[in-house]
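Structure, as structure tokens:
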Amino acid sequence: MSFKHKHLLGIQALSASDILTILETAESFLEISAREVKKVPTLRGKTIVNLFFEPSTRTRSSFELAAKRLSADIINFSNQTSSVSKGESLKDTVLSLEAMNTDAIIVRHSYAGAPHFISTFCRSHIINAGDGAHEHPTQALLDAFTIKQEKAKFKNLKVVIVGDILHSRVARSNIFLLSKMGAKVVCVGPPAFLPIEFQQFGTQIDYNLDRAIEGADVIMTLRIQLERQQKNSFPSIREYRNIYGLTEERFRKAKKDAIIMHPGPINRGVEISSDLADSLQSIILKQVENGVAVRMAILYLLLGGKDRETSD
Amino acid sequence: MRLLIKNGRVIDPYSGTDETLDILIDKGKIIDIKPKIDGKDNKVLDASRLVVAPGFIDMHVHLREPGQEDKETIKTGSLAAAKGGFTSVACMPNTNPVNDNCGVTEYILAESKKHAIINIFPIAAITKGLKGEELTDMADLVDSGACAFSDDGQPVQNSQVMRRALEYSKITNVSIIDHCEDKNLSRDGVMHEGYYSYLFGLKGIPAASEETMVSRDIILSEKYQSKIHIAHVSTKGSIDLIRWAKDKKIEVTAEVTPHHLLLTDNLIESYDTNLKVNPPLRSETDKKALLQAIKDGIIDAFATDHAPHTFDEKEVEFNNAPFGIIGLETAVSLLLDKLIHKNIISLQRFISMFSTNPAKILGLKNKGKICVGADADLTILNLQKDILVDTNTFVSKSRNCPFNGWRLKGAPVITIVGGKKVYPFK
């Protein structure tokens, strides 16, 4: 097993075999979280920082638990309670944290490229936990892990991603990953959220959910990111729900064994009906559970084994 | 003492000259041009194997003074200009305070007289405070020395205000320069909108935000028979519009920057903030259209849009970085290498776009040409000189240049302003 990257900045930089390595490693970590004593000594003595400039429930806790179950020390940083609120620059903030001898920094930032910028002056391993509308690689990896659990393959699976594709880092990372693994990705949403150029990422685009959902194996709904919206991207939430909301009726057009995914947080009754979100076909909580194992795998592959050569 | 420049290959697009001539200069003016002028009693400058051109004029720079002297000053900006082969620059009004009144214009001119080693021509604001609402006292500003008007960076959005400015420019007879950008279309954008902005997750500035304003300006220019100059053209669509307007004899002129001719949006993969500029680096298709346009003579002038920012301001997340690239010290070498040595355009056109045309657009009557009676501003080029762009050697206060490390052939080697050699520095 070889994983030669120093950082995890995005799916784009990973090969299909890198992705498989991560997924296989995650497989072996899955069982640890089910133990009575959920801890192994693998990363004992390593220091990891959760550097979150945006709010997060799942990703931050998931990384924290992943680090702790591997016995690493992890501290949480949030911009509300830090010197960032006093006007400290990102570079100075990161250099100060790194001066305390960190081994890895997990970055969530509202601006695309912030983790890439940090990686230009930092010694630590940088893990992108979501940068603006760019990438969210660990989400795509845990989604892939979950799809593989359910469908055992990627090749020729029809995956429909519905919603605000333009502003979604989850959509981008999933598009890159699933295309690399041979799945057929169809993006669906109103035109303001779905620029025609997305076809160049190897996906199909469709403005009509009723048509696109036919024969789907996986339906991934995305949250309407009200905090990133500009006025008039679509007329109203009501119209959005009518045209793009995932309802029981629409879901029936997908394959019988189709599964429903959502990266969270959910706007119940907007992009997905509440009943569907809680239905048996919904694997939303499975995604969250798998997230810990996938992030353990990533921490292990980047930080584990002192003698391993790393390059990027 | 008179200065005699001997044996240079004199290229003057104004008269169509391209031959080896001697030029005699006295009291800041060219007083004689002949194949052989006697050297005695004169200080002689040997220009053998060099090209002697009318002084280059950068009609679009930001000197940051008054108000942002940490980025650049009139002094350092003029040093950078002289080193880059420019004898004159026109500086944009987005200073602090804004150059929207005679006091600021006169201040810039007074400081230039004290500290600048080249000619500085202030461009005044079209509207008070660059707010796009009320016209400045344009006639007064021209009397104080404003050479043109522009709300560069904060362009006039209200078409009625632009119409009034264009109408009024018929009295002052100086150019209105527009940075064409519909701010509603470009809001929050940080790079060209297209495949790469979607790939990198950065908000786009659509080509349409430039093109809608270029078309507006052309229509207003035609309707009210006023001259309009389009700053830093960056898209194929703008080129098509300007081509159409010129065919119809509408009085539109345009400039292009070296970075838009040489760089494209895909480079932003690195999130290098030195590539963040407005208008943004566009697509390969746009770049090709710009190159074709300079071949076809659709674009009149080269301009750098020299926009200095400090290292700290640029050493941040891409979204947080200010827009701007500096260009005074690299423009001439970049374009000699990429346009002349690559046979894209002739030296005549090259020099007319760096000198003759900007002089004409700015109404600088005794500049942009080599003839008896003209100002003795000369740019002397060595077409064969190999240089390495090294931002550490820049005399500008700022380093925000994406060309660091480029090896180029061709460079400005001597700059003469008003008959005095200002570069190489003493």
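Since the model is a prediction, treat every value here as computed from it, not as a measurement. Values below: all heavy atoms of this structure, side chains included; hydrogens, waters and symmetry mates excluded. All chains are named by letter (A, B, ...) in the order of the sequence lines, taking the proteins before the strands, and each is independently numbered beginning at 1.
- For A:F117, the part lying near chain B is the side chain, with the backbone staying farther off; criterion is any non-hydrogen pair under 4.5 Å.
- In this structure, chain B has a heavy atom under 4.5 Å from the side chain of A:L166, while its backbone stays farther away.
- Surrounding NZ of B:K75 are at most 12 heavy atoms belonging to other residues, nucleotides or ligands under 6.0 Å away.
- The ring of B:F200 has its center no closer than 6.0 angstrom to the ring center of A:H116.
- For B:K183, the NZ atom sits in a packed shell: over 12 heavy atoms of surrounding residues, nucleotides or ligands are nearer than 6.0 Å.
- Within the 4.5 angstrom heavy-atom criterion, no atom of B:I268 approaches chain A.
- Within 6.0 Å of the NZ atom in B:K287, the count of heavy atoms belonging to other residues, nucleotides or ligands exceeds 12.
- Here A:D131 contributes atom CG and B:E317 contributes atom CD; the two are 11.5 Å apart, rounded to the nearest 0.5 Å.
- A tilted orientation is assigned to the rings of A:F198 and B:Y198, their planes being inclined by 30° to 60°.
- In this structure, no portion of A:Q199 lies under 4.5 Å from any heavy atom of chain B.
- Once rounded to the nearest 0.5 Å, the distance linking CG of B:L199 with CZ of A:R172 reads 8.0 Å.
- Contact count against chain A (heavy-atom pairs under 4.5 Å) is highest for B:N320 among B:D312, B:D272, B:N320.
- Between A:A112 and B:G201 the shortest heavy-atom distance is CB-O, 3.4 Å.
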